[in-house]
Trainee: 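Here it is: the structure, laid out below.
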Amino acid sequence: MERTVPPPAVSDTPSSDPCFPDVAGLLDGMPRQRERGGTDIAGTPVPRTATAAPGTRVRFPRLQRLLPTPTGTPFTFVYGALLAVISLVAAQLETTVLHALHQGSSTDVAHLVRTPVLALVASALWIAGGILSPYALALLFVLTALERRIGGVRTAGVFLLGHIGATLATEIPVGLAVVAGQLPATSLHRLDYGVSFGVAASLGALAGLLRPWLRWPLLALFGWALVADLIEFTDPLTDWGHPIALTIGVATWPLVRRRDRDRGPDRQSVAAS
């Protein structure tokens, strides 16, 4: 199909120059060039503001989303603030007083038999190594990322599941070994406290929500660190508790993934706001 040009319109006013015919009608069939800018009332050119081409802007995650906030991640924010205050106060205490507090908060067999709830809760209020230890930093970022995906209640549930599950999995065999005469009675009072089991379980659960290219290297790196601790064999029960807690977190993948899909539209609306 040929492209036809409409006949030239007859102008009411004669052309100013007889040598150049009226070509106004021919201009209608020519492709219009993009203007660089408009003009104001007086005819002065007005430059057009440059805008980025759609789809070429690179989006980076906002740094504040990596840290807990009172409204976005209330569980991580409150729990992290409580741990920070306790760690700062503990740094000012005498060594003997601090050791007595740690011993009273230990999740050893003796405390688990007498006051199980108090022991499990109190032991999760201390950070072994202080507020700048690797597990403290991991708790901050891992719990923040997990809570933004599945909510505060479920994040607390994953943390407690790893903390309680790994504690019982390592302390119950100690109690049975003492009853069987394989370990001395002093093993019932071993010092055991900290947040590392809960952090390991939370990291395992978070890995299930990441893309494969990030999930498997993260699990491999953390798993290798746990294997290195087992090879050193400096604290066998704690070193075995970390892989158990990580396995508990991995076992929650079906639940956290289903919750993450349910919260998908809500996360997108929050990210866009």
Side-chain angles (χ1 to χ4, degrees), residues 59-88 120-167 193-219 221-223 241-242 244-273:
R59 295 181 179 272
F60 294 96
R62 291 176 294 182
L63 294 180
Q64 60 266 29
R65 291 185 61 82
L66 301 178
L67 300 175
T69 59
T71 56
T73 55
F75 166 70
T76 305
F77 184 85
V78 174
Y79 185 42
L82 180 61
L83 291 175
V85 171
I86 292 176
S87 297
L88 293 176
L120 289 169
V121 173
S123 64
L125 299 179
W126 301 97
I127 302 178
I131 195 173
L132 296 180
S133 66
Y135 275 103
L137 299 179
L139 180 142
L140 186 67
F141 293 110
V142 171
L143 289 190
T144 298
L146 186 61
E147 186 172 359
R148 291 191 183 278
R149 301 292 292 268
I150 65 174
V153 175
R154 288 167 179 80
T155 299
V158 171
F159 182 89
L160 290 176
L161 186 63
H163 176 68
I164 297 173
T167 297
Y193 65 91
V195 299
S196 59
F197 289 168
V199 172
S202 300
L203 188 145
L206 177 63
L209 303 176
L210 302 176
R211 297 184 181 276
W213 65 267
L214 181 59
R215 175 192 311 148
W216 302 118
L218 178 64
L219 289 177
L221 181 62
F222 187 64
H242 291 149
I244 294 174
L246 181 65
T247 304
I248 292 174
V250 172
T252 64
W253 282 5
L255 297 177
V256 297
R257 284 172 174 173
R258 182 172 61 187
R259 180 56 182 170
D260 181 55
R261 288 193 298 267
D262 295 340
R263 286 172 57 91
D266 297 336
R267 289 201 324 272
Q268 293 176 1
S269 61
V270 171
S273 61

Trainee: Heavy atoms only: give me the nearest A138-V199 pair and the separation to one decimal.
Mentor: CB-CG1, 3.9 Å
Trainee: When you measure from the side chain of R257 to the backbone N and O of G208, does any donor-acceptor pair fall under 3.5 Å?
Mentor: yes
Trainee: Which heavy atom of H163 sits nearest to which heavy atom of G194, and what is that distance?
Mentor: CE1-O, 3.6 Å
Trainee: Would you confirm whether R148, through its side chain, and R65, through its main-chain N or O, come within 3.5 Å as a donor-acceptor pair?
Mentor: yes
Trainee: So, for A136 and I131, which heavy atoms are closest and what is the spacing to 0.1 Å?
Mentor: CB-O, 3.1 Å
Trainee: Where do F77 and T69 come nearest, in terms of heavy atoms and distance?
Mentor: CB-O, 3.7 Å
Trainee: Go through the steps to decide whether L83 and L139 satisfy the test side-chain contact (heavy atoms from CB on, under 4.5 Å), and finish with yes or no.
Mentor: CA-CA 10 Å; L83 291 175; L139 180 142; 3.9 Å; yes
Trainee: In Å, rounded to the nearest 0.5 Å, how long is the span from CG of L143 to OG of S202?
Mentor: 4.5 Å
Trainee: Taking atom CD1 of I150 and atom OG1 of T155, what is their separation to the nearest 0.5 Å?
Mentor: 4.0 Å
Trainee: Atom OH of Y79 and atom CG of L125: how far apart are they, to the nearest 0.5 Å?
Mentor: 6.0 Å
Trainee: CG/L140 to OG1/T76 distance, rounded to the nearest 0.5 angstrom?
Mentor: 8.0 Å
Trainee: Return the CG to CZ distance between L206 and F141, rounded to the nearest 0.5 Å.
Mentor: 13.0 Å
Trainee: Measure from the side-chain N and O atoms of R149 to the backbone N and O of L209, and report whether any donor-acceptor pair falls under 3.5 Å.
Mentor: yes
Trainee: What are the two closest non-hydrogen atoms of L246 and G204, and how far apart are they?
Mentor: CD1-CA, 3.6 Å
Trainee: So how far is it from D260 CG to L255 CG, rounded to the nearest 0.5 Å?
Mentor: 12.5 Å
Trainee: Which pair of heavy atoms, one from I248 and one from A166, lies closest together, and at what distance?
Mentor: CD1-N, 3.9 Å
